[in-house]
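Remember, it's 1-based here, ligands and their atoms both numbered in the order they're listed. Below, all heavy atoms of this structure are taken into account, side chains as well, without hydrogens, waters or symmetry copies.
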Amino acid sequence: MSQYSNFNLSSELPAWKRLESVYEQVGKTLKVKDEFAHDPERFAKFSETFKNFDGLEILFDFSKNIINDEVKKDLVALAKEAGVEHLRDEMFKGSKINETEDRAVYHVALRNRKLKEMKVDGENTAPEVDSVLKHMKEFSDDIRSGKWTGFTGKAITDVVNIGIGGSDLGPVMVTEALKAYSKEGLNVHFVSNIDGTHLAETLKGLSQETTLFLIASKTFTTAETTTNANSAKAWFLEKAQQDDIAKHFAALSTNAEQVAKFGIDTKNMFGFESWVGGRYSVWSAIGLSVAIYIGFDNFNDFLKGAEAFDEHFTSTPLEHNVAVLGGLLSVWYNNFFGAQTHLVAPFDQYMHRFPAYLQQLSMESNGKSVTRGNSFTNYQTGTILFGEPATNAQHSFFQLVHQGTKLIPADFILAAQSHNPIENNLHQRMLASNFFAQSEALMVGKDENQVQKEGATGGLVPHKVFSGNRPTTSILAQKITPAALGALIAYYEHVTFVEGAIWNINSFDQWGVELGKVLAKAIGKELDESGDVSDHDPSTNGLINQFKKWSS
Ligand SMILES: *[C@@H]1O[C@H](CO)[C@@H](O)[C@H](O)[C@H]1NC(C)=O
C-alpha cells in the first residue's frame with residue numbers, strides 16, 4: 001500500500017461498483033436531449049463559472065454530457081472515496097507524492113504570486129521562486145528594450161529556445177497562444193528535434209549578431225538538446241569568437257558545471273528545483289522565452305491566472321469544482337462507457353498547439369498500468385488525447401466523431417472576444433456559430449424520420465442518420481488573455497491530477513520513456529562503426545544493416 005492512498009485498485013471502491021450498476025441501469029440508455037426536455041434547470045445545474053483574478057470569467061458547460069443528478073452524485077462519491085481531496089492537499093503541502101522517486105510535485109508553488117508560505121522539506125519555496133522571477137524580469141526587460149546587445153553592439157531580434165519535451169511544448173504553445181501580446185521586431189523560434197533539419201531550417205535567415213539562444217535542459221545532459229546546442233554554437237562561432245558566447249547563450253538549467261563548460265556565463269543561468277517536472281515546467285525558468293516574447297508583466301499575469309485557478313481547485317466543493325468534474329467525466333467515459341480517446345478542439349487559431357501540449361500533459365502523466373500499491377490495474381487508465389483547432393478539424397476528422405462507431409468525448413474551447421475582430425467581427429461570429437453548432441449536432445443528432453422528411457429515401461436514409469448523444473464539454477472564455485490561458489492550462493493539469501488520483505497511479509513519473517533512450521544510445525555506437533550488426537532481433541538487425549548500406 002502507498003502512503004498516499006488507502007486503497008489499491010479503484011475498481012474495488014464501493015462507489016466504483018455502484019457506478020457499474022448505475023451505468024447499466026441509467027448511463028447506457030440516458031439521452032441527454034431528453035434530460036433537457038424534462039429538466040429546465042439542467043444547463044444551470046451542470047455548468048460552472050470560474051472567475052479569474054482580473055474579473056474575466058470562463059464558463060464550463062458540462063450539461064451536454066451523459067450524466068444526470070444520480071450519476072453526478074455517484075461520480076463525486078468516487079472522488080471522495082478515492083481520496084482526491086487528500087492527495088490534492090498533500091500536493092499543495094509539498095508532500096512527496098511522486099513516490100517512485102520520493103519527490104514533491106510542486107509546480108503550483110511556481111505560480112504562488114501571493115508569496116504564501118509553501119514549504120518543501122521544511123523550507124519555504126516562495127523567496128527562491130520570486131528571486132528567479134525577478135532575474136527573468138530583468139533579463140527579459142533588457143532583451144526587449146535593446147539594452148542587451150550582441151557581440152557587434154546590435155539588439156537581439158531573434159530568440160531560439162533549444163529544448164525538447166517539457167522544455168519545448170509549453171513555451172511553443174504559450175508563445176503561439178499569446179502571439180497577440182508580442183511585439184514587432186522580436187521573434188521566437190524553437191528547436192527540439194534531433195533531426196538536423198529542425199536546427200538547419202531555423203537558422204536559415206538568422207544572423208549571429210542578433211540571435212540569442214536559450215538552452216533549456218534541467219540536467220544539461222538531454223541528448224537532443226546538447227547536440228543541438230553544440231551545433232548552434234558551431235554556427236555561432238562561424239562569425240564570432242569564443243568570448244562572445246556569453247552574450248548570445250543563456251541556460252535554463254540547474255547544472256552550473258556543464259553550463260559553464262559550454263561557455264555560458266552562470267549569471268545568465270536560470271534554475272528551478274527538483275520538484276518541477278518537465279511537463280509542468282512552463283511556469284518556471286523554462287518560460288523565459290515566453291517572458292521575453294510577451295513581456296514579463298504578461299508572463300506574470302499568466303502565472304496569476306493559474307494561481308487563481310489553483311484557488312478554485314483547492315477551495316471549491318467537489319460538486320462545483322470544474323477540474324474535479326472534468327476528471328470525473330473522463331473516468332466515467334473511459335471506465336464505464338469504454339471510451340478510449342478524448343478530443344480537445346480549440347476554436348482559436350492562436351491555440352493551435354494546445355492539443356499537442358495536452359498530449360504530453362495527459363498521456364505522459366497517466367499512461368501507466370501499475371497502481372501506487374504496485375499492482376497492475378484491472379481497468380483502463382490514460383486516455384488517448386488528440387485534437388486540432390476548429391473549424392479546420394471539422395473538415396478533417398469530425399466525420400468520425402459524428403458518425404463513427406466510437407464514442408469520443410470532446411472539449412470545445414472558444415473565446416467570446418477575438419484578438420482580431422476583422423470584417424466587423426464577421427469571422428468571429430462564423431467561428432462561434434460553428435462552436436455552438438458542433439456540440440448541438442453531436443447531442444441532438446438526426447433520426448430516420450427527420451431524414452425522410454427532408455426527402456431522403458431508400459438506402460440513402462441510414463447514411464444520413466446521426467445517432468446523437470455524443471458528449472461534449474463547452475469551455476467559453478471571455479477572452480484568451482495571459483491570465484485566461486494560465487487558468488485553462490491549470491484546469492487541464494488538475495483534470496489530469498484527478499484522473500490519476502482516482503486510478504491510483506503515480507501521474508508524475510515517466511519510466512516508460514527510458515527503455516527506448518537506453519537502446520538508442522547503444523545503437524548509436526553501432527551506427528558509428530562499419531560492418532553489419534547481428535546482436536539484435538532479425539528485424540532490427542535487418543533494418544540497421546539496410547540503413548548502413550543506404551546512408552553511406
Ligand atoms: C517524478 O520523478 C521522476 C523520476 O525521477 C522525475 O523524472 C519527474 O520529473 C518527477 N515528477 C515531478 C512532477 O516532479
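Inspection of the Asn255 and Thr219 side chains reveals no N or O donor paired with an N or O acceptor under 3.5 Å.
The closest donor-acceptor contact from the side chain of Asn228 to the backbone of Asn193 lies under 3.5 Å.
Scanning the protein for heavy atoms near atom 8 (C) of ligand 1, the closest one is Phe508 O, 3.5 Å. Given atom 9 (O) of ligand 1, the protein heavy atom at minimum distance is Gly277 CA, 3.7 Å. Taking atom 3 (C) of ligand 1 as the reference point, the nearest protein heavy-atom neighbour is Asn98 ND2, 3.6 Å.
Looking at Gln510, Glu101, Glu514, it is Gln510 that brings a heavy atom closest to atom 6 (C) of ligand 1.
With respect to Glu311 and Lys114, a salt bridge is recorded, a charged nitrogen being found less than 4.0 Å from a carboxylate O. Look at Glu319 and Lys80 and you find a salt bridge, because one of the NZ, NE, NH1 or NH2 atoms lies within 4.0 Å of a carboxylate O, short of that distance.
Contacts with ligand 1 closer than 4.0 Å are made by no heavy atom of His107, backbone or side chain.
At least one side-chain heavy atom of Phe7 sits less than 4.5 Å from a side-chain heavy atom of Leu13.
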